[in-house]
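Count residues from 1 along the sequence.
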Amino acid sequence: MEVVASIVGSAVAATGRLFCGSLYSMIKSTVKLQSELDVFDKEMRSLIVLRDDVKDQTELAEKEGKVIRSNVIEWLREVDELQLKVKPIEAGMVNSRKLSGCSFNCRKRYRVSREVAEILPEIERLLKDSSFNSGVFYPSKRPRAVEHNPGPSIQAQTTASKSLEKTMSQLYVDEVRRIGIWGMGGIGKTTLVKNLNNELKSASVKSLGIVIWVTVSKNLEAKVEETLQGMATRLYQRLQKEEKFLLILDDVWEKIDLDILGVPQPEVHKGCKIILTSRFMEVCREMMTNVEVKMEVLNYEEAWQLFSQIAGDVVGLEQVRPFAEEIVRECSGLPLAIITMGTAMRGKKMIKLWKHALNELRRSVPCMGGVEVKLYMPLKWSYDSLEGNNIKPCFLYCALFPEDFSIEINELVRYWVAEGLIDEQDYEDSVNRGIALIENLKDSCLLEDGSRDGTVKMHDVVRDVAIWIASSSEEGCKSLVRSGIGLSEISVGEFSSSLRRVSFIDNKITRLPDRVIQCSEASTLLLQGNLPLDTVPESFLLGFEALRVLNISGSRIQSLPSSVLQLGDLRALLLRDYFYLEQLPSLGELNRLQVLDLCATRIRELPRGMENLNNLRQLDLSRTHYLKTIQAGIISGLSCLEVLDMTLSAYHLSVKGEVEEEQTSFEELGCLERLLVLSVRLDRIPCLNSENVTWINKLRRFQFFIGPTANCLPTRHDKRRVTISGLNLSGEWIGWLLGNASSLVLKNCLGLNEMLEDLVINSVGCFVCIKSLTIASSNSSLRPGGGCAAHSDLLPNLEELHLQDMTYQESISELVGHLGLRFQKLKLIEVTRCSQMKYLIYCGHFILTLPNLEVIKVSFCDKLDELFSYHSRQKMYPDPVAPSLRILELKNLPKLRTLCRHEQTWPCLEQVDVIKCNLLRKLPFTNQSADTMKEIKGESQ
């Protein structure tokens, strides 16, 4: 019996311990429940407010004919789905607050707590992803019927003018739906259709509806799969609404399926016409063109006239002219060759130079199996004439990118520095040196501006010539270029030990050869843009022992092979958009590495050993949404670091007083003596004084995002930017930040009035660097309290003022009084969703005129009834308050009745947009406006 009792007692005790342990865990969770519910409730409310705001923006954008970005659509879908998940939890939260402490209720509260803990990270991720730095819609405006397309005129070229005249006449023949313009590369097909486009813009020409221009190029298939198929339905529906339209397809290399593009067939949509340009007559036939126009080379007289125009008066010199005439003959009437040669010889009077140029053109050309090879020689000569250290290999490097590809200048300079083509100066000096080289190549007509700011590209014929030059071993830059041609696998037979550069950019490669590739001389290997690629075999890189540049960005690879660590000469390792990469090996052995790009990877921590990269100059950790750990000493160990970019990273640097010892702190960055460019996120404002901000003063560019949700859209003055969001600023001193910043953003901050008063009282002087000020999502009125107003302008160089979601702000003048603002250099005012604002500025004692104001944008201010207000006793006809105003945008202002009570003349006005301002009856037009006005938008009434 004692034994049984002992066993039973032990069992009861064990069961009791298990029960108590379980109960303790549940009680512990329920104790924390209230704080978790508060956080959950606050975060969810913030997310819904953001969702509603983004929806408002997208709805307005769609009404204006703009296309919403796909990532915005996806984000809205995810928020809506999350809201459905959250509804049952919110119901449980309501019940949990009513429940008593019984065991049954404890279990319910525990379940709710667990569900809240699971859903919170998802809410936080969506909040982080809500910044949409590029905007919610694609930036292209709704097109005018015909947009002007810059390009040289062909009026003086009889041959080309006849082709243009023929094409124009055929456009107005009802039976002709498709017109093909064909001829060799560089002959002027694109120039002809640009001239045709601009002719259609003329008011004297019968309208063909809207004109849509698409540059196709060789890599159409990849572009269609990756970007166009998803838009095809929407484009089709949009074009069906057009009564008439003309589609220009430039540089077509093979038959295009119009259905895949989303273009209605011309035989079905009777208002549709298509013009295509191609090098091949066969492509025109496959596209079922009704009329084909062959582009002929220029005759000698036209060629001479074009060459003389480009080369200048020097061709008229008696001793120069014979050589110039022979050079023109060698160009065989090809406009691109003539322009390139004319540019190279412009202003040169030395006879030896002309003789040398002619001799080079007449050199025999290796057979390439094509009829255009002889025409490459003028471009080859232009290449041979390049002068300057390493400019030739820099030019050939540009041919590694796909046809018609806009190359980021910063990326290109990275490659050039890593290859040793640009001297190892500091980051900004390297970029400036690279830009100088690029301008030299543009002046030689060998490069041109890309489709976006900060990019360049090659004409397709120039690229063909560069690939032809680089395919020979003479130049020491022998290259294998297979970029943008739709490859699914790599042929081992194409590699050789003499190759210096290898490019397989933007293909569909699914796997790499699982063997050693003998490329012992190769210094560059570019594999970016192969999304299906999911692994790099261990042996593949072993034969690339001389690599300086390795780019495997934009693939599905989950881990790097250890063979990467044997690339002892590697200078640049680019793993951008490596969406599946969660863990890095220790990279400490790559002690010559200068550039490490980990942007948009899923890494969770930086590995120990990275602090040994004592030659690393650029570290890109932007958009690392999963990065949680950077151990102390890793960043500070990078003694040569010049650029640290952590924009939109999940990692927040701690500041003094809250530092976890094992984590990297903001103050730790002060020991990086060579740091020039910095973008980081901080939890709160660091407590710094004039002595320990010396290292910040040395930075050439910085972005500090301070606070839990400190992300914001860019402005023009982001070179030195501070964004503070979601913090209580009362008692905080930000003077040290303002002394260095060019742009200040205050978003969703409490204690603004107190902070501004502190600024006014304690500031020794003004903040001359600030050029842009943004205040958003504030419940403060910003009225100066207790007579606390600045006696002088604290922001004398302010050029941009942005106010958004200011709940109690009645006018900008309230801020003027606080900071003593005079706005003498202000160029832009933008105000949106300020529900209590009645007027923009009170024109009186402080401000009589805004002499440099060029842009006013006001939207969604329900109570605004005038822009500029005056004291009733003020003189009746003051000078114009904004004499330099060029752009006026007024949207969704239901109570706006007048721009100003007094008559105003704005002589420089160029653009007026008035949308949903139904009480506004008069716009600021005068006889002077007719000379300057370029665009007026608004409802017909």
Counting only heavy atoms from other residues, nucleotides and ligands, does the tally under 6.0 Å from NZ of K442 exceed 12?
yes
Is the number of heavy atoms from other residues, nucleotides or ligands under 6.0 Å of E428 CD greater than 12?
yes
Is a donor on one side and an acceptor on the other found under 3.5 Å between the side chain of R452 and the backbone of G450?
no
If you count every heavy atom of other residues, nucleotides or ligands that lies below 6.0 Å from K771 atom NZ, does the total exceed 12?
no
Salt bridge (Lys or Arg N to Asp or Glu O under 4.0 Å) for E582 and R602? Distances and angles first, verdict last.
CA-CA 5 Å; E582 295 187 0; R602 293 172 67 100; 3.6 Å; yes
Parallel, tilted or perpendicular: ring planes of F544 versus F540, cut at 30 and 60 degrees:
tilted
Whether the K825 and N852 side chains hold a donor-acceptor pair (N or O, under 3.5 Å, no angle test) is what I'd like checked.
no
Look only at the side chain of S406 and the backbone of S451, and say whether a donor-acceptor pair between them is shorter than 3.5 Å.
yes
Establish, from distance only, whether the side-chain atoms of H802 and Q804 form a donor-acceptor pair under 3.5 Å.
no
Under 3.5 Å, is there a donor on one side chain and an acceptor on the other for Q703 and T723?
no
Short question: side chain of S665, backbone of S654 - any donor-acceptor pair under 3.5 Å?
no
Is the shortest side-chain N to carboxylate O distance from E419 to R501 below 4.0 Å?
yes
In terms of ring plane angle, is the pair F666 and F704 parallel, tilted or perpendicular, where the classes change at 30° and 60°?
perpendicular
Between N697 and N740, a side-chain donor and acceptor under 3.5 Å
yes
In short, S430 meets D423 closest at the heavy-atom pair OG-O, 4.1 Å
Report yes or no: is the cationic atom of R681 (NZ for Lys, CZ for Arg) under 6.0 Å from the centre of the six-membered ring of F705, at an angle within 45° of the ring normal?
no
With a 3.5 Å cut-off and no angle check, do the side chains of Y651 and T664 form a donor-acceptor pair?
no
So, are R576 and D597 salt-bridged, with charged N and O less than 4.0 Å apart?
yes
